[in-house]
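Okay, structure first, notes after.
Just so it is clear, the model here is predicted, and its values are computed rather than measured.
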Amino acid sequence: MKVLKWGSEHSIWFKRERLCSTEECSAGSGTYCKHGYVFASLSGYLVRKSENGMLPVISVVRETESQLLPDVGAVVTCKVCSINSRFAKVQILYIGSTPLKNTFRGTIRKEDIRATEKDKVEVYKSFRPGDIVLAKVVSLGDVQSNYLLTTAENELGVVVAHSEAGVPMVPISWCEMQCPQTHSKEFRKVARVQPEFLQT
């Protein structure tokens, strides 16, 4: 499959702009057909895909969708996959509020969980598999390695966690969450969530 981006890197096509005739390309995501032409249904970059000699498919993607890799300093939303005594392994699902089409692997090391009393941190008292966590990118990964992440700020840490009964827990302090059904408490590194990261 061949993927082409028409125009320069910063060339933006605008909503309702005519892109080409339906004889040249078929309409993909972010486009629509009218009177024999393909038009943009949103503003963004143009992507053309041609496969096996068939009519190319033309799509328009937003700039945020073309962002492939998290940058250092970016706040990401991730899901905890596994933990051990030294670190938590996570999957990066969002950069800011933008969902990623392809997830990335990340690692939160024991020393990057909290800003204070790092020697007293215990990974299993901070995260559990399945937790949704807000973290910040410390260093970039590559194909073979993970992104290094930190939760060593008040605004970073666990935002969604389920109790052993499978019920979403409520934060009651910066280090504890409680099951509203059984009232049992569990340790977590709880995030003080900022309004821009609150989503349903």
Side-chain angles (χ1 to χ4, degrees), residues 61-200:
V61 297
R62 297 184 194 277
E63 184 177 6
T64 50
E65 291 173 5
S66 63
Q67 182 180 353
L68 299 176
L69 300 172
D71 291 324
V72 171
V75 174
V76 296
T77 304
C78 39
K79 184 176 185 177
V80 178
C81 300
S82 63
I83 59 171
N84 62 30
S85 60
R86 294 181 294 115
F87 52 78
K89 292 281 187 188
V90 302
Q91 264 191 321
I92 299 172
L93 308 174
Y94 286 74
I95 301 173
S97 58
T98 304
L100 294 170
K101 289 181 179 176
N102 300 309
T103 59
F104 297 98
R105 291 177 300 165
T107 300
I108 305 171
R109 299 176 301 184
K110 179 180 173 180
E111 59 268 29
D112 294 324
I113 291 174
R114 250 178 24 210
T116 58
E117 298 181 319
K118 293 184 180 187
D119 54 322
K120 295 181 181 177
V121 172
E122 293 179 87
V123 179
Y124 80 94
K125 285 187 174 181
S126 304
F127 310 115
R128 295 284 173 90
D131 287 358
I132 303 298
V133 174
L134 278 181
K136 189 174 279 187
V137 179
V138 176
S139 69
L140 300 179
D142 54 36
V143 177
Q144 286 80 31
S145 67
N146 297 318
Y147 285 85
L148 279 182
L149 309 174
T150 180
T151 55
E153 293 179 20
N154 290 341
E155 291 75 23
L156 305 175
V158 177
V159 289
V160 178
H162 290 80
S163 67
E164 291 181 3
V167 179
M169 293 194 292
V170 178
I172 54 173
S173 74
W174 66 270
C175 64
E176 277 187 312
M177 299 181 94
Q178 186 173 35
C179 174
Q181 188 171 301
T182 64
H183 302 293
S184 63
K185 297 176 184 177
E186 294 183 23
F187 288 107
R188 291 293 196 280
K189 196 292 180 185
V190 181
R192 188 177 68 201
V193 183
Q194 297 302 295
E196 65 264 30
F197 293 107
L198 284 173
Q199 298 182 40
T200 54

Subject >> Over 12 non-hydrogen atoms of neighbours within 6.0 angstrom of CD in Gln181 >> reply: no
Original post:
Which one of Val158, Val80, Val159 satisfies the side-chain contact (heavy atoms from CB on, under 4.5 Å) criterion with Ile132?
Top reply: Val159
**OP:** Of all the heavy-atom pairs spanning Pro180 and Met169, show the shortest one and how long it is.
**Re:** CD-CA, 4.2 Å
Original post:
If every non-hydrogen atom of Leu149 is compared with every non-hydrogen atom of Ala135, which pair is closest and at what distance?
Top reply: CB-CB, 4.0 Å
**OP:** Applying side-chain contact (heavy atoms from CB on, under 4.5 Å) between Phe187 and each of Glu122, Glu176, Arg128, report the one that passes.
**Re:** Glu176
Subject >> Minimum heavy-atom distance Lys189-Glu153, with the two atoms named >> reply: NZ-O, 2.7 Å
Original post:
Does any N or O in the side chain of Thr150 come within less than 3.5 Å of the main-chain N or O of Asp112, such that one atom is a donor and the other an acceptor?
Top reply: yes
Subject >> Given Val90, Thr77, Ile108, the one that forms side-chain contact (heavy atoms from CB on, under 4.5 Å) with Val133 >> reply: Ile108
**OP:** Compare every heavy atom of Glu186 with every heavy atom of Glu164, then report the nearest pair and how far apart it is.
**Re:** N-OE2, 3.4 Å
Original post:
For Lys89, does the NZ atom sit with more than 12 other heavy atoms under 6.0 Å from it, leaving out its own atoms?
Top reply: yes
**OP:** Kindly indicate, with the supporting measurements, whether the criterion side-chain contact (heavy atoms from CB on, under 4.5 Å) is fulfilled by Thr151 and Phe127.
**Re:** CA-CA 11 Å; Thr151 55; Phe127 310 115; 3.7 Å; yes
Original post:
If you look at every heavy atom in Thr107 and Phe87, which pair is closest and at what distance?
Top reply: CG2-CB, 3.7 Å
**OP:** Quick one: closest heavy-atom pair of Met177 and Ala161, and the distance?
**Re:** SD-CB, 3.8 Å
